[in-house]
Amino acid sequence: MSDPTRPDPSASSVAAAPGGAAESSSNNFLRAIVQEDVAARRHGGLVATRFPPEPNGYLHIGHAKSICLNFGLARDFGGKCNLRFDDSNPETEDVEYVESIARDVRWLGFEWSGLYYASDYFDALYGFALELVDRGLAYVCELSEDEIRAYRGSVTEAGRPSPYRDRTPAENRALLEKMRRGEMPDGSAVLRAKIDMSSPNMKMRDPPLYRIRHAHHYRQGDKWAIYPLYDFIHPLSDALEGITHSICTLEFENNRELYDWVLDHTSVPARPHQYEFARLNLTYTLMSKRKLLALVESKRVRGWDDPRMPTLAGMRRRGVTAEAIRSFCDMIGVARANSTVDFDKLEYCVRDDLNQKAPRAMAVQKPLRVVIETYPEGETERFPAPLFPPDVGKPGSREVPFGRVVYIERDDFSLDPPKGFHRLAPGREVRLRYAYVVRCERVVKDADGEVVELRCSHDPTSRGGAPADGRKVKGTIHWVSAARAVDGELRLYDRLLSVERPDLAEGDLPSLLNPDSLVTLTGCKLEPELASAPAGSAFQFERLGYFAVDPDSRPDRPVFNRVVTLRDTWAKLAARDAEATATPPPVAVSTAVGASGAAPKVEPKRVDAATQKKHDARRALAPEDEALAAELEPIVASVLVAQADAVARYRAGKTGLAGFLVGEATRAVAAAGKTAPAGSGPKALAKLVDALVRRKLEAG
RNA sequence: UGGGGGAUCGUCUAACGGCAGGACGCCAGACUCUGGAUCUGGCUAUCAAGGUUCGAAUCCUUGUCCCCCAGCCA
């Protein structure tokens, strides 16, 4: 990988990285806009987008939506997409973030056409500022921050002009240069656009363009004492790069007027346009960089890449694949309405991808020792186990060692099995996956009454899993040979937050955190081959979930992160039963009789009587139309014959089809060259066709 | 009380003025040596009220609710 912090002049167009970011993107309003612009050859038929993160934090799943959108659009329309660091705030930005962002974008599967830094435009930007000043469109204002706020007015009251508003261009130029030379202290002045202090759009009330900050910039060093602000930088950076579609989130809607103003009043080489879409919100997930930073700094998580974090780095470490994130972004769509996506949707995408990719293995998270007394002491054998189930259809298998003593999952044994429990219990049989059917003969307890060991017998005829007599064994559980097991650490993650909608929740951040978001299990028993799996590789631990090797892992002490559990229908049923027994329903549930099979009652749309009468009158055929009706009749009839299928469905109750059939008939009539009778409006014909179609449908 | 946006199944999201569809979720069932995967069927959706129209989620009017804007952050 080349240095991600340096522009790569050789890259000229957006390409999907190996591994392919080539999902078919569903349609959305932005895609429609781009499509139309390309069709109309609006920017010479070209498309150029950009992903413009500020390097003041790590990228998260919300950014992934924007990345997929911007890079996806460019890819699909043969255009370009730049990665641009919007780094104009020297106080919060850092090269660490630049590097992580570049890494994450690549990891997600996208390659930028060009890599740029807004800070590289500072000279050009300053030139545009001078241009504005010279044209009398910007002035240096020496009001204090508080005064500026007061002068700005409020959403309901107009602002007042700054006393410095009418300085001459020459005066302003001298002052701006003085600011630039660092001869004025922080906060003593700002450069402001001269627009309209009484604009109903607060953003247009002489917005600041530059502020003085004697601060060290991570890339520009101490070259600058003044730093441009977002509303000035962004349109100009877009124009400088020849961006055609500048896509941002909804909260910038009000900034669009200013975006356009800047471009309309400077001599820019191109004319980009801004479009806004709704940012991603996810249930149980924080998406604010500020709050994520707080978690990192307060050490409530182990870093930006903590596997519980919604950051791309965290998700990657956890074992979530780039493909899963891309398909998630594709699935959630892009729109202009604020929304919050169910976390389940993300989990679905993760499982869906890992199901195809993660080889199966067996691991026991909470071991219970099982001695198979009927199995000869000292004997061992190996059972072949496929790496993937038949439905995945991938080749490969491994040999799983077996012996007289194995570990099974504590949860797979019950002294007092609930109804529907298909696992081990005293006197019951269960299949050890790929091995033998065993029966629990005795339970060994310690002094406290805790179950510490099971003594079982096995059915030697069931070698490989199927008893010779053909009897059905409902339960199959995973296990690991005690003699060959490798001890490992499993880190079980759950949602970071305990509230579904943290944006709506009250209480400070710490109180919203899920105390069980990380459960670390040690002494877990793993299939021996798992110990040597490289960091990052993912497995499905059968019946438990998908796990990925953490970078902390070492061959003598393997560490796995649980990416996501398997869907667990049994757990769901058990939880439901537990709830039912805990709180029996106070009232009998209304009987289901009559609910089954009964056609849903459809309430007709309420229309007042007069309107209905008017409609009926229109629908009735007037005597003078009968002649024309006779002409149209065969055309309508043939349409209904051609649409026999739709007619049948209409008669079966799908009355919405009437409109469709009228539409078809109207087209057929027009195609036959029939026109409205002389003296009546063009609508008369449609009205007539409608009446004919409905008459025929009802006559049916 | 200014301005800019938005409202479609529980949740996301589609639908030239012409069959309100898909996905997740949930429910029921089938299958299964993973209570996984897969398959089948199902699920009280167009914010409200008027209007225009043969026909409205879509156009018009009025209203309701939600989001954004008063950083020298982005």
Side-chain angles (χ1 to χ4, degrees), chain A residues 26-28 52-54 56 86 88-89 91-92 145 148-149 152-159 186-187 189-190 199-203 205 208 210-213 227 229-231 233-234 248 250-257 276 278 283 289 331-342 344-345 347-349 351-352 355 360 389-392 420 422-423 431-434 464-466 473-478 540 542-545 566-573 600 608 611 615 618-619 646 649-650 654 656-664 666 683 686-691 693-694:
Chain A
S26 53
N27 231 18
N28 62 58
E54 182 188 9
N56 67 346
D86 208 351
S88 56
N89 185 350
E91 283 153 338
T92 56
E145 210 172 324
I148 285 185
R149 202 189 339 275
R152 186 153 33 217
S154 72
V155 291
T156 52
E157 318 159 78
D186 284 4
V190 289
S199 170
N201 181 353
M202 300 290 292
K203 294 288 180 203
R205 321 247 261 227
Y210 269 91
R211 35 74 187 268
I212 301 170
R213 200 103 325 168
Y227 289 92
L229 271 346
Y230 172 84
D231 287 305
I233 303 164
H234 215 87
C248 64
L250 247 27
E251 67 269 26
F252 292 99
E253 271 174 321
N254 299 317
N255 300 56
R256 191 175 58 235
E257 192 180 353
E276 311 87 19
T283 55
K289 272 202 266 184
M331 207 178 269
I332 57 176
V334 178
R336 281 180 69 87
N338 291 311
S339 60
T340 301
V341 177
D342 265 344
D344 307 83
K345 204 155 197 155
E347 292 202 332
Y348 169 83
C349 292
R351 291 188 184 110
D352 192 46
N355 179 43
R360 312 292 127 127
D391 50 277
V392 171
H422 300 154
R423 311 174 186 183
R431 173 167 35 240
L432 296 181
R433 182 146 230 231
Y434 306 124
V473 176
K474 186 85 178 161
T476 300
I477 64 176
H478 58 278
Q540 184 197 103
E542 296 209 43
R543 304 209 307 132
L544 296 178
L566 253 26
R567 269 185 76 231
D568 192 344
T569 310
W570 168 247
K572 202 155 56 189
L573 282 175
D608 67 76
T611 306
H615 286 181
R618 279 197 200 112
R619 194 163 293 164
R649 282 192 291 145
Y650 171 88
K654 186 113 180 156
L657 278 166
F660 165 70
L661 291 167
V662 171
E664 290 298 303
T666 304
K683 291 290 177 65
K687 214 180 287 188
L688 193 49
V689 171
D690 184 82
V693 169
R694 286 172 199 274

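Keep in mind it's a predicted model, so treat the numbers as computed, not measured. So that the names make sense, note that chain A is the first sequence line, chain B the second, and so on, each numbered from 1.
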B:C12, B:A70, B:G18: which one has an atom nearest the side-chain heavy atoms of A:M202? B:A70
Could you check if a side-chain atom of A:T283 sits within less than 4.5 angstrom of a side-chain atom of A:V341, using non-hydrogen atoms only? no
Please report the interatomic distance CG(A:L657) to CD(A:E664), rounded to the nearest 0.5 Å. 10.5 Å
Between A:R205 (CZ) and B:A70 (C1'), how many Å, whole number? 7 Å
Whole angstroms only, please: what is the OH-C1' distance between A:Y230 and B:A74? 7 Å
Rounded to whole Å, how long is the line connecting atom CG of A:N255 with atom P of B:A74? 11 Å
Nearest heavy atom decides the nucleotide; on that basis, is A:V341 or A:A337 closer to the 5' end of RNA chain B? A:A337
What is the distance from CZ of A:R213 to P of B:C72, rounded to the nearest Å? 10 Å
With heavy atoms under 4.0 Å as the rule, sort A:Y227 into base, sugar-phosphate or nothing. nothing
Nucleotide B:A74, atom C1' - distance to CD of A:E54 in whole Å: 5 Å
My validator wants the stems of RNA chain B: runs of 3 or more consecutive Watson-Crick or G-U pairs, both distances under 3.5 Å, written as range with range. B:2-7 with B:64-69, B:10-13 with B:21-24, B:25-30 with B:38-43, B:47-51 with B:59-63
Using the salt bridge (Lys or Arg N to Asp or Glu O under 4.0 Å) criterion, which residues pair with A:R256? Sequence neighbours excluded. A:E276
Side-chain N or O of A:R543 versus OP1/OP2 of B:G35: is the shortest distance under 4.0 Å? yes
What's the CG-C1' distance between A:N27 and B:A15, to the nearest Å? 11 Å
Whole-Å gap separating P (B:U34) and CZ (A:R423): 13 Å
For B:G4, does OP1 or OP2 lie under 4.0 Å from any side-chain N or O of A:R336? no
Given the structure, check if the side chain of A:D391 and the base of B:G36 hold any donor-acceptor pair shorter than 3.5 Å. yes
Between the side chain of A:R543 and the main-chain N/O of A:L566, is any donor-acceptor distance below 3.5 Å? no
Spacing of A:N254 atom CG and A:K203 atom NZ [to the nearest 0.5 Å]: 7.0 Å
Below 4.0 Å: OP1/OP2 of B:A74 and any side-chain N or O of A:T92: no
Does B:U11 have OP1 or OP2 under 4.0 Å away from a side-chain N or O of A:T283? no
A:H422 on top of B:G35's base, within under 5.5 Å and under 30°? yes
With centres under 5.5 Å and planes under 30° as the test, does A:W570 stack with B:G35? yes
A:F660 side chain, from C-beta outward: closest of B:A14, B:G5, B:C19: B:C19
So, is A:R152 close to the B:G71 phosphate, meaning a side-chain N or O under 4.0 Å from OP1 or OP2? yes
Under 4.0 angstrom between A:T476 side-chain N/O and B:G35 OP1 or OP2: no
Side chains of A:H422 and A:W570, heavy atoms from C-beta outward: is any pair under 4.5 Å? no
Closer to the 5' end of RNA chain B via nearest nucleotide, is it A:F252 or A:T340? A:T340
Does B:G71 have its OP1 or OP2 closer than 4.0 Å to a side-chain nitrogen or oxygen of A:R149? yes
Any protein N or O atoms within reach of nucleotides 22-26 of chain B? Criterion: under 3.5 Å, listing atom names and distances.
| residue | atom | partner | partner atom | Å |
| --- | --- | --- | --- | --- |
| B:A23 | N3 | A:K345 | NZ | 2.9 |
| B:C24 | OP1 | A:Y348 | OH | 3.1 |
| B:C26 | OP1 | A:K572 | NZ | 3.3 |

Using the side chain to side chain contact (heavy atoms under 4.5 Å, CB included) rule, take A:V392 and A:R360 through it: C-alpha gap first, then chi angles, then the decisive distance, then the call. CA-CA 11 Å; A:V392 171; A:R360 312 292 127 127; 4.2 Å; yes
Closest listed nucleotide, where the reference is the side chain of A:N254 and the choices are B:G36, B:C69, B:C54: B:C69
B:G5 base to A:N338 side chain: any donor-acceptor pair below 3.5 Å? no
Among B:A70, B:U34, B:G5, which nucleotide sits nearest the side chain of A:V155? B:A70
Find the distance A:I212:CD1 to B:C72:P and express it as a whole number of Å. 14 Å
Can you confirm whether A:V190 sits close enough to A:I148 that some side-chain heavy atom of one is under 4.5 Å from a side-chain heavy atom of the other? yes
Chi-based syn or anti call at B:G41, which uses purine or pyrimidine torsion atoms and a 90° bound: anti
Side chain to side chain contact (heavy atoms under 4.5 Å, CB included) between A:Y230 and A:E54, worked out: CA-CA 11 Å; A:Y230 172 84; A:E54 182 188 9; over 6 Å; no
